[in-house]
Amino acid sequence: MEKANELAVVTGAEVGIIMCPQGSKPYSFGHPNVNETINKYVGKERPPSPSSPGIDDKYVQMFRKANSRELKTRLNSLQDLLDSALKLKSKLKQMNKNVESQQEWFKGPIEKMNYTEASMLKEGLEDLLLKVKNNGTERYGYENGKWKAE
């Protein structure tokens, strides 16, 4: 119980401990209160039991059911997220296939290209040349169409 109290103080966590020694009264410790902590997860107040100051099996079962419902809800939510991610992955694969099929035209011989395809190839090559020149100027000293001697 001392360690549970330290844990509650250090971390600010809500802590509840119930001990049921054989042949003795049950003991409980809670921070701020064992009943408040358990009620937070069960969702309803337990009527006081005159026969036992501790928590009976029915109350434990209520707690387990509430916890089970919460876990099922979280599982369903995660399953929905997974399904959405898989659908998105499938759409992206299809889009990638579409883009790849549209870019196949430049793999053939230049003689078989139409005017639009040839223009796109020319623009792409000019952009690439400009990038190479800019990169060469910055790194290796490419100027006026010539490389500087090292």
Side-chain angles (χ1 to χ4, degrees), residues 1-108 113 116-143 147-148 150:
M1 288 192 189
E2 184 178 322
K3 292 295 180 185
N5 186 37
E6 288 176 16
L7 179 68
V9 170
V10 170
T11 65
E14 292 186 29
V15 178
I17 297 178
I18 302 163
M19 294 185 300
C20 301
Q22 286 185 336
S24 293
K25 273 171 61 169
Y27 297 98
S28 64
F29 166 79
H31 181 77
N33 176 323
V34 73
N35 287 331
E36 287 179 25
T37 303
I38 293 173
N39 284 338
K40 180 176 181 179
Y41 294 98
V42 174
K44 54 177 144 177
E45 293 289 326
R46 176 169 91 74
S49 171
S51 62
S52 170
I55 297 180
D56 57 8
D57 288 335
K58 181 179 175 185
Y59 195 54
V60 169
Q61 291 302 322
M62 287 172 44
F63 174 74
R64 286 183 180 155
K65 284 181 184 177
N67 199 19
S68 174
R69 282 191 300 268
E70 180 184 341
L71 290 173
K72 284 180 185 176
T73 302
R74 288 176 58 195
L75 176 64
N76 289 336
S77 174
L78 290 172
Q79 187 65 44
D80 291 343
L81 284 172
L82 178 61
D83 291 343
S84 298
L86 290 174
K87 286 178 185 176
L88 181 60
K89 179 182 176 184
S90 175
K91 285 181 183 179
L92 289 173
K93 276 187 176 180
Q94 185 60 40
M95 289 172 63
N96 193 25
K97 284 181 185 177
N98 292 342
V99 168
E100 285 175 358
S101 68
Q102 291 173 356
Q103 293 178 348
E104 293 292 318
W105 59 266
F106 67 86
K107 291 185 178 178
M113 288 185 185
T116 306
E117 293 169 344
S119 297
M120 289 173 63
L121 179 61
K122 179 184 175 209
E123 288 176 20
L125 291 173
E126 287 172 348
D127 288 343
L128 179 61
L129 180 61
L130 183 63
K131 287 178 184 176
V132 168
K133 284 181 180 179
N134 289 338
N135 191 25
T137 301
E138 293 170 5
R139 286 187 159 181
Y140 308 110
Y142 182 86
E143 289 180 5
W147 298 100
K148 289 183 179 178
E150 293 184 19

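Count residues from 1 along the sequence. Note: hydrogens, waters and symmetry copies are ignored here, and every other heavy atom, side chains too, is used.
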Item to complete: Working to the nearest 0.5 Å, report the span between CD of E2 and CZ of F29.
Response: 10.0 Å
When the side chains of residues 68-75 are checked against the rest of the protein, which donor-acceptor pairs come out under 3.5 Å, sequence neighbours left out?
from: T73; atom 1: OG1; to: R69; atom 2: O; distance (Å): 2.9

Practice prompt. Determine, step by step, whether M1 and Y27 satisfy the side chain to side chain contact (heavy atoms under 4.5 Å, CB included) criterion, reporting the C-alpha distance in whole Å, the side-chain angles of both residues, the deciding distance to 0.1 Å, and the verdict.
Written response: CA-CA 10 Å; M1 288 192 189; Y27 297 98; 3.8 Å; yes
Worksheet entry | E126: side-chain hydrogen bond (donor to acceptor under 3.5 Å, both in side chains) partners, not counting sequence neighbours | none
Item to complete: Heavy atoms only: give me the nearest P26-P21 pair and the separation to one decimal.
Response: CA-CD, 4.4 Å
Response to the item:
Smallest heavy-atom separation, N35 atom then N33 atom, equals N-OD1, 2.7 Å
Item to complete: Take E36 and E14 through the test side chain to side chain contact (heavy atoms under 4.5 Å, CB included) and record every step on the way to the result.
Response: CA-CA 9 Å; E36 287 179 25; E14 292 186 29; 6.0 Å; no
Fill in: Pair listing, side-chain hydrogen bond (donor to acceptor under 3.5 Å, both in side chains) test, anchored in residues 80-91, at least two apart
Q79-D83
Discussion item. Go through it in stages, so that I can follow the logic: the residues are L88 and L92, the test is side chain to side chain contact (heavy atoms under 4.5 Å, CB included), and I'd like the CA-CA distance, side-chain angles, deciding distance and then a yes or no.
Written reply: CA-CA 6 Å; L88 181 60; L92 289 173; 4.2 Å; yes
Response to the item:
Nearest heavy-atom contact between A4 and I17 is CB-CD1, 3.1 Å
Worksheet item: Given the rule in the side chain to side chain contact (heavy atoms under 4.5 Å, CB included) test, do V34 and I18 qualify, once you have shown the distances and angles that lead to the verdict?
Response: CA-CA 8 Å; V34 73; I18 302 163; 4.2 Å; yes
